[in-house]
Every structure is written in C-alpha cells, then in structure tokens.
Amino acid sequence: MYFGKVLGSVVASQKVKDLDGIKLLLVQPLDHELKPTRDPEVACDTVQAGPGDIVYLVGSREASLALPKTFVPVDAAVVGIIDHM
Amino acid sequence: MRVCKVLGPVVASAKHPAFVGKKTLTVQPIDAQGRAAGESFIAMDNVQAGVGDVVLVMNEGSGIRQILEEPASPCRALIVGIVDMVDEAAGASTRAA
C-alpha cells in the first residue's frame, strides 16, 4: 500500500462494462516524504478523493477487493484520504 | 516478507471500511545493518508496533486475509512481527556491493 497525490480525474465513456459507475482518478505515487516514486497511474476511487488530496492506495488484486463488486478489472484503488502522517 | 522500520502513524478519517478501526503505519524497508533499502510504504499493524520498532511486514494479500480472518480485505501489507534481531552471517550478503 503506497502514498499518492490525486492529480485529477479520468473520464472514459467507452470502457470495460464492469468499470461503469467507478470513478477513475489520476494519481502520482509517492513515498512518505511525498517524493514521486514512479510514473502517474489511474486508480479507482473508493473514498471520494479529489484533486490535491494526499491519499493511500492498494494495488494489484487487492485493488479489486476494495470495490463493492469484487473481481472488477482494476489494479489500483484509492482506499484512504490522509489527514496527517 | 520484509524487515522494515516503523517511521510513524498514517491517520486517515475518510477510508475504506476494511481499514476502519485498524492502525496504519509508515514503514521503511531496511537491510541487516539497518540502512534504508527500498521505498517507504504503508502497512496495517497487527502486533501493536510503535514508531522506531523494527518489524516484519508481509506483502501478500491471501496470507494477510488468512491472518486477519477477513476473506475480502483489500489490505496488502501487514505487520506480522516485531523483530528483536537480524543476524546476517559475516560476508553472506548476496546483494551487489
């Protein structure tokens, strides 16, 4: 599970059916000093995060477990908005 | 699993239900000499670890779900032990110098 900063949102009307209704966010992965660690990625949102929020995410299969309907094809999910660290 | 040092708490009031009531900590992977060895990340605590503790972190979902007894937990890093000592035999390190 890793830190990230929400850069914005991603809208895709044409997409895999299971992704319907799932908000997609553009996120910059960070380390605990808020330094970028790799390229920005698209993650689905489970906590109504918005641009500028410092969040934490979970990746790979566990990202799909974070969604109401599991086994939706996602590999990153925002699961918390950080108040302080 | 990784040996890591606990850097501090991560507090999030808005979070996924599976993290409610659970403590999350920032952890930094370290080598046998205690030097930073890799990217810091977030782990859920399961052994009452505190800041400065050297801990054992499991980074694999299904094992974590078994430990937590939560078949649908999206947790992917769980502190499963507090390390007393890491004894790397002299010269045994396989890491590139």
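A quick note: this is a predicted structure, and the numbers were derived from the prediction, not measured. Throughout, a chain's letter reflects where its sequence line sits, starting with A, and its residues are numbered from 1.
- In this structure, chain A has no heavy atom under 4.5 Å from any part of B:Ala18.
- Residues A:Val27 and A:Ile81 share a single hydrophobic cluster, defined by chaining ILVMFWY side chains whose heavy atoms lie under 4.5 Å apart.
- Residue B:Leu56 is grouped with residue B:Met44 when hydrophobic side chains (ILVMFWY) are merged at heavy-atom distances under 4.5 angstrom, including chains of intermediate members.
- At a threshold of 4.5 Å between side-chain heavy atoms, the hydrophobic network of Ile, Leu, Val, Met, Phe, Trp and Tyr places B:Met58 and B:Val3 in one connected group.
- Following chains of ILVMFWY side-chain contacts shorter than 4.5 Å, one can reach B:Ile42 starting from B:Phe19, so the two form part of one hydrophobic cluster.
- When heavy atoms are compared at a cutoff of 4.5 Å, A:Val79 approaches chain B by way of both its backbone and its side chain.
- Atom CD of B:Gln33 is surrounded by more than 12 heavy atoms from other residues, nucleotides or ligands within 6.0 Å.
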For chain B and chain A, what donor-acceptor pairs lie under 3.5 Å, backbone included?
residue: B:Val11; atom: N; partner: A:His84; partner atom: O; Å: 2.9
residue: B:Val11; atom: O; partner: A:Asp83; partner atom: N; Å: 2.6
residue: B:Val11; atom: O; partner: A:His84; partner atom: N; Å: 3.4
residue: B:Ser13; atom: N; partner: A:Asp83; partner atom: OD2; Å: 2.7
residue: B:Ser13; atom: OG; partner: A:Asp83; partner atom: OD1; Å: 3.3
residue: B:Ser13; atom: OG; partner: A:Asp83; partner atom: OD2; Å: 2.6
residue: B:Ala14; atom: O; partner: A:Ile81; partner atom: N; Å: 2.8
residue: B:His16; atom: N; partner: A:Val79; partner atom: O; Å: 2.8
residue: B:His16; atom: NE2; partner: A:Ala66; partner atom: O; Å: 2.8
residue: B:Ser40; atom: OG; partner: A:His32; partner atom: N; Å: 2.9
residue: B:Ser40; atom: OG; partner: A:His32; partner atom: ND1; Å: 2.8
residue: B:Ile42; atom: N; partner: A:Met1; partner atom: O; Å: 2.8
residue: B:Arg65; atom: NH1; partner: A:Glu62; partner atom: OE2; Å: 2.9
residue: B:Arg65; atom: NH2; partner: A:Glu62; partner atom: OE2; Å: 3.3
residue: B:Arg76; atom: NE; partner: A:Ser60; partner atom: OG; Å: 3.0
residue: B:Arg76; atom: NE; partner: A:Glu62; partner atom: OE1; Å: 2.8

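- Both B:Met1 and B:Ile67 are assigned to one and the same hydrophobic cluster, defined by single-linkage of ILVMFWY side chains at heavy-atom distances under 4.5 Å.
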